[in-house]
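Here the structure is laid out as structure tokens; the discussion comes afterwards.
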Amino acid sequence: MIRDELAYLLTQAAQDAQRAGALPPFDLPPLSVERPKQASHGDYASAAALSLARPARKAPLQIAQAIAQHIPPTDMLGKVEAVPPGFINLTLSDAWLARQADTILAAGMTFGNLDIGRGRKAQVEFVSANPTGPLTIGRTWGAVLGDVIANLLTAAGYAVTREYYFNNAGRQMRILGESVRARYLELLGHSIPGGGDTGAFPEEGYQGEYIYDIARSILETHGSAWAEEDWQPFKEAAEAAVFANIRATLQRFGLEFDVWFNESSLYATGEIERTLAALRERGYAYDADGAVWFRATAFGADKDRVLVKSSGEPTYRLPDIAYHVNKLGRGFEYIVNIFGADHKDEYPDVIAGVRALGLPADCIQVIIHQFINLVRDGKQVRMSTRRANYVTLDDLLDEVTVTNPETGIALPGKDPVRFILLTRSPDSTMNFDLELAKRQSNENPVYYVQYAHARIASILRFAQESGAMAGSVPAEGDVRLLTHPAEMALVRKMLDLQEVVEQAVTKLAPHHLSHYAQDLAATFHAFYRDCRVVSSEPGDRPLMLARLRLVAATQIVLARALGLMGMTAPERM
RNA sequence: GCCCCCGUAGCUCAAGUGGACAGAGCAACUGCCUUCUAAGCAGUGGGCUGCUGGUUCGAGUCCAGCCGGGGGCACCA
């Protein structure tokens, strides 16, 4: 990476300066290299001299000058400046920058990839909604975060598994079955409520319209044959129907999971029991008040937690711990869990449980995202799946799908939804205004980015159709002819991708991608204004070919950024 | 009461381990389509970064205390 190379050059320079006596001898700390906010401060800048003032016992500016003078010659740098109060500003050379257009073209869709994963196995667990109803907007943020983090980890050199963890047993699923059964009996003409214990709608039942849909389809296939059945077959049917719906929604959202992990399998394989036994053996599980407790206080918790209720039923903690033991057993060396803010207090127990078993827990990362604060007409909407007060992801995707009235070309609704969610940091408590999202969908920044991609596709198409370029790819062309400031700005912005990916991966902060994509698109649009690409003038041909290569490189980087975000990169809009 | 997250332009949000004048988009206003897509470009206005102290060469960023919003503090998941 460029920044690392520059940091290395600066360190060499500082050492040379010490050998030459321009700097006093002392142990050099790692020298920082940053991206200055202001363009006049160069492409990169180091404030190292400011922090070296104390150990060197010298004025920062003098230190900066000494380092600047000893930077080894390199064709990468065009200008090196030491400026008050002691910054070293570094500017990349135009010739070097121009050559990078070729480098990007050669890298193709691998441009921006890193090797920090070195092929290690990573797992991202997300969505993980139990099959009690359709996916709601509330789940959407986690879905985007998980998917894009998985994409980023793949780009960073990890072998990634996307995993969906669910529980199809337990109380909520029973209530789901009972709800469907009640609707089924209602459709058969049994009176609800008060129709005796056969038909009463469960007090905490799911009231959504989809319960009727499931009941109706049971009625269609089985007629009245299930009238005497208890809730269990209804639960089975409901689970199948809800999962089919969830899978369809996820696919629409551009999401594929590699593994669907059923919590029940942990019981079937005995992993739950073994985990509990191992915790007991190590003295981290004990009996009290008829329950089994986890000694969470040994890991800094304020009180111990229940693992197995006095009813004999485990709490969520035990399977969660067993599940993570299972993950580690499958060889994952990097594990990312995406949770909503309501699960905030859950993971410390899980991490502690893993530690209690003597297993490594440092590789387990948890992203807690805040809730989407759904707003309609400026008023907050409280969502509850059970009370059928929710907006499904499907509904949302329908609403924001936008068609260009002039060209008739439609873009999928997943793009604006993903983009909106990817402009916010997971920590941010965001307001998602439904009306606003719909109303402004045509001016959503996502289209701005996609438009840049389509514009490039159009230029390349035009170049080919007008005979200016032989194939669909600009094979020839000497990028050394690129010198225009707008061209240089474009290359600079493209080169940033690697650092953005690094940032986004190491900080698990995918929202950097969307901001980068907007920047890159803006830089391209400015280039488009300043530099005409296709020309029929014979004298313009060499520069045209060079610019076609530049533009093709830009298309790659835009497609890469959009691809990492799971969005389409349209050829036409 | 205790713990975690957030508070930045009218609105929605950014801001790499503390760095040089806090940035985008939307909304508002002014210009620009006979030439590769105007879903575009150029420009204008808009900020005591919730408040008060502290740390230091330097704070939106770190510390303390307040105020306001969200989430949690289960033998629910």
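Lettering of chains follows the sequences in order, A, B, ..., and the numbering in each one begins at 1. Predicted, not measured: the structure shown is a model, and the values here were computed from it.
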- Rounded to whole angstrom units, what separation is found between the CZ atom of Phe294(A) and the P atom of C75(B)? 14 Å
Please list each protein N or O that sits under 3.5 Å from an N or O in nucleotides 45-47 of chain B, with the distance.
none

- Choosing from C75(B), G71(B), A20(B), which nucleotide comes nearest the side chain of Phe371(A)? G71(B)
- Query: With sugar-phosphate meaning primed atoms plus P, OP1 and OP2, does Glu502(A) contact a base, only sugar-phosphate, or nothing at under 4.0 Å between heavy atoms?
  - Reply: nothing
- Message: Applying a 4.0 Å non-hydrogen cut-off, can you work out what Ala53(A) is touching in the nucleic acid: base, sugar-phosphate, or nothing?
- Response: nothing
- Message: Suppose you measure atom C1' in C2(B) against the same atom in A14(B); what distance do you get, rounded to whole Å?
- Response: 33 Å
Distances for protein N or O near nucleotides 41-44 of chain B N or O, under 3.5 Å:
from: C41(B); atom 1: OP1; to: Tyr448(A); atom 2: OH; distance (Å): 2.5
from: C41(B); atom 1: O3'; to: Arg529(A); atom 2: NH1; distance (Å): 2.6
from: C41(B); atom 1: O2'; to: Arg529(A); atom 2: NH1; distance (Å): 3.1
from: A42(B); atom 1: OP1; to: Arg529(A); atom 2: NH1; distance (Å): 3.0
from: A42(B); atom 1: O5'; to: Arg529(A); atom 2: NH1; distance (Å): 3.4

- Query: Looking across every strand, which nucleic acid part, if any, lies under 4.0 Å from Asn89(A) by heavy atom: base, sugar-phosphate, or nothing?
  - Reply: base
Could I get a table of every N or O pair under 3.5 Å where one atom is in the protein and the other is in nucleotides 28-35 of chain B?
from: U35(B); atom 1: O2'; to: Arg532(A); atom 2: NH2; distance (Å): 3.4

- Using a cut-off of 4.0 Å on non-hydrogen atoms, how would the nucleic acid contact of Asp427(A) be classed: base, sugar-phosphate, or nothing? sugar-phosphate
- Message: With side-chain hydrogen bond (donor to acceptor under 3.5 Å, both in side chains) as the criterion, how do Asn167(A) and Ser264(A) come out once you've worked through the C-alpha distance, each side chain's angles and the decisive distance to 0.1 Å?
- Response: CA-CA 7 Å; Asn167(A) 178 10; Ser264(A) 302; 4.8 Å; no
- Indicate, with a heavy-atom threshold strictly under 4.0 Å, whether Gln450(A) touches base, sugar-phosphate, or nothing. nothing
- Message: Can you classify the ring geometry of Phe524(A) versus Phe527(A) as parallel (below 30°), tilted (30 to 60°) or perpendicular (above 60°)?
- Response: tilted
- Query: Can the ring centroids of Tyr164(A) and Phe261(A) be said to lie less than 6.0 angstrom from one another?
  - Reply: no
- May I ask which nucleotide in the shown strands pairs with A27(B), Watson-Crick or G-U wobble, both distances under 3.5 Å? none
- Message: Does A74(B) have OP1 or OP2 under 4.0 Å away from a side-chain N or O of Lys303(A)?
- Response: yes
- Task: Indicate, with a heavy-atom threshold strictly under 4.0 Å, whether Asp289(A) touches base, sugar-phosphate, or nothing.
- Result: base
- Message: From C-beta outward on Trp293(A), which listed nucleotide comes closest to its side chain: A14(B), C75(B), A20(B)?
- Response: C75(B)
- Task: Give Asn444(A) one of three labels, base, sugar-phosphate or nothing, depending on what nucleic acid heavy atoms sit under 4.0 Å from its own.
- Result: nothing
- Task: Would you mind classifying the nucleic acid contact of Ser310(A) as base, sugar-phosphate or nothing, using non-hydrogen atoms under 4.0 angstrom?
- Result: base
- Task: Give a yes/no verdict on a cation-pi contact between Arg455(A) and Tyr528(A), requiring under 6.0 Å between NZ or CZ and the six-membered ring centre and an angle within 45° of the axis.
- Result: yes
- Message: For a quick check of understanding: with a heavy-atom distance under 4.0 Å over all strands, which category does His41(A) fall into, base, sugar-phosphate or nothing?
- Response: base
